[in-house]
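Residues take their numbers from the sequence shown, with the count starting at 1. Quantities reported herein were computed from a predicted structural model and do not represent experimental measurements. Each ligand, and each atom within it, is numbered from 1 in the order the structure gives. We use all heavy atoms of the structure for the numbers below, so side chains are in, but hydrogens, waters and symmetry mates are not.
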Amino acid sequence: MNNNTDKIIIFDTTLRDGEQSPGATLNIDEKLAIAKQLARLGVDVIEAGFAFASPGDFEAVSKIAQTVGTETGPIICSLARAKHEDIKAAAAAIKDAAKGRIHTFIATSDIHLEYKLKKTRAEVLAIAEEMVAYAKSFTNDVEFSPEDAGRSDPEFMYEVLEKVIAAGATTINIPDTVGYTTPSEFGSIIKGIKENVSNIDRAIISVHGHNDLGLAVANFLEAVKNGARQLECTINGIGERAGNAALEEIVMALHVRRQYFNPFLGRSVDSETSLTNIDTRQIYKTSRLVSNLTGMLVQPNKAIVGANAFAHESGIHQDGVLKNKLTYEIMDAQIIGLNDNQIVLGKHSGRNAFRTRLKELGYEVSEADLNKAFVRFKDVADKKKEITDWDLEALINDEIQQAPDLFKLELVQVSCGDRARPTATVTIRTPDGQELTDAAIGTGPVDAIYKAINRVANVPNQLIEFSVQSVTAGIDAIGEVTIRLSHEGRVYAGHSANTDIIVASAQAYVNALNRLYATMQEQRHYAQLAAQNA
Ligand code: KIV
Ligand code: ZN
């Protein structure tokens, strides 16, 4: 193996590290929808989860391996601590992928060794070597990460890397776990590895980084200049704490500035060959999907995919752009698929046209989901003259997101105005099948609805975020409501789209409550099992 591949491998960890963001928990259907879209985006590797973490995580990795891990599809990877049981679970979960990878890790920094692992360097070295060899007994494609590499003693890390490569690791991934390094330091770490690990030519050098100081993407670009050829990133940069390096930023930096980066990959400055396998026109769509399903909103000024990323507000800029786009634009919105929002359907469009357009957009839904989405499409088409691709995506994402259907919103009615006290009536079908109606007064219509739902559902929680965004421009636009609520330190997200934002607000709240209630049920179930086994 040669670590000087002339393309950058994009390793997406949205479904593993990204899903570790507070409240970003996804169900299996949602993970599958994201994995399919990542494959359309053209990522080389999907880290689909941490198979040992829970039966749900195992099933998600396994389903993604079966469905998305085709011969021409991406490599499907599962994370595993350097432990036999983790590696065994990872191997079983990826076994149906045409190309499967096990990614195992153990920390190498003294802080982690002393306080977290309570192990000596010699012990960690032996575990790393043994566990890579164990992973290798299941698959040829083994990745190893020395966790907290950014704060590890380089000499010790070189020793560990040399041993794991000898044991069969084909990718060695250097994580800046706590987002501590600066670009030149991170570049030097990669350079040091190339110069001091004797068998480094047998492995690809990968990097992984968190954004605690806002430096993750800059660190990665410096790593590329020094020999890294795999970049681990997430859509919209979601992930632990301040998140991970954002895929869209890395890919577009490598694309827009390819003349700058070409020589570092041994190409001529003017080479037009793309530096990654990413289909950049899928970027915007992927960003929206991940944001909708995780409930993690994209800040308006976010690079590449933020609502303002291609907007020109000041008169001077607008004037310049009208005269020549190049005055203030370094890339065309088209390149990330931002202007691909076509008006496609209307109220006379039939089921066939609906199904065909969904298929063209990459959604292959079951007959049942199609029927449900079609009913909603007809309803929206009655209210809104023109239905665009983004409207269709909002509707279909909503359908994917419905599970778990524990509480069901049957009716919501509000009265409000400047002379009225906002009052809401709701009817909810509870998980045990009862249909309950109640009413409440609030400071506004949404507050009244949430109070009424709380009276019926009786699931304690604290609302921590509520946001409304419109899918397209225009007074008849579909509104998307995203909410986040917390209970016992955990965050649960809910999302819904409707031309009526009051209905969307109620449904988003019920969706979040369902996630919370499902977790409470799961915890109760495990507590009962533990009590029986005590
Ligand atoms: O941040 C980190 O160190 C990780 C490793 C498991 C690669 O996510
Ligand atoms: Zn990480």
Engineer: Does the side chain of Asp17 reach to within under 4.5 Å of the side chain of His210, using non-hydrogen atoms?
Structural biologist: yes
Engineer: Extract all N/O-N/O pairs under 3.5 Å that connect ligand 1 to the protein, and present each with both atom names and the distance rounded to 0.1 Å.
Structural biologist:
residue: ligand 1; atom: 1 (O); partner: His208; partner atom: NE2; Å: 3.2
residue: ligand 1; atom: 1 (O); partner: His210; partner atom: NE2; Å: 3.0
residue: ligand 1; atom: 3 (O); partner: Thr177; partner atom: OG1; Å: 2.6
residue: ligand 1; atom: 8 (O); partner: Arg16; partner atom: NH1; Å: 3.3
residue: ligand 1; atom: 8 (O); partner: Arg16; partner atom: NH2; Å: 3.0
residue: ligand 1; atom: 8 (O); partner: Asp17; partner atom: OD2; Å: 3.1
residue: ligand 1; atom: 8 (O); partner: His208; partner atom: NE2; Å: 3.1

Engineer: For Tyr134 and Lys88, run side chain to side chain contact (heavy atoms under 4.5 Å, CB included): C-alpha distance rounded to whole Å, both residues' side-chain angles, the deciding distance at 0.1 Å, then the answer.
Structural biologist: CA-CA 9 Å; Tyr134 182 56; Lys88 211 166 152 192; 3.6 Å; yes
Engineer: Holding to side chain to side chain contact (heavy atoms under 4.5 Å, CB included), I want the full list of residues that pass it with Glu522, two or more places apart in sequence or in another chain.
Structural biologist: Tyr526
Engineer: Would you find a donor on one side and an acceptor on the other, under 3.5 Å apart, between the side chain of Ser78 and the backbone of Ala51?
Structural biologist: yes
Engineer: Check each of Ile278, Val224, Val217, Ile304 against Ile250 using the side-chain contact (heavy atoms from CB on, under 4.5 Å) test, and report the only one that passes.
Structural biologist: Val217
Engineer: For the rings on Tyr492 and His487, is their centre-to-centre separation under 6.0 Å?
Structural biologist: no
Engineer: With 2.8 Å as the limit, jot down which protein N, O or S atoms are around the Zn ion (ligand 2).
Structural biologist: Asp17 OD2, His208 NE2, His210 NE2
Engineer: Could you tell me whether the side chain of Ile94 reaches within less than 4.5 Å of the side chain of Cys77, counting heavy atoms only?
Structural biologist: no
Engineer: Would you say the side chain of Ile64 lies within less than 4.5 Å of the side chain of Leu32, judging by non-hydrogen atoms?
Structural biologist: yes
Engineer: Not counting sequence neighbours, which residues clear side chain to side chain contact (heavy atoms under 4.5 Å, CB included) with Glu155? List them please.
Structural biologist: Asp153, Tyr158
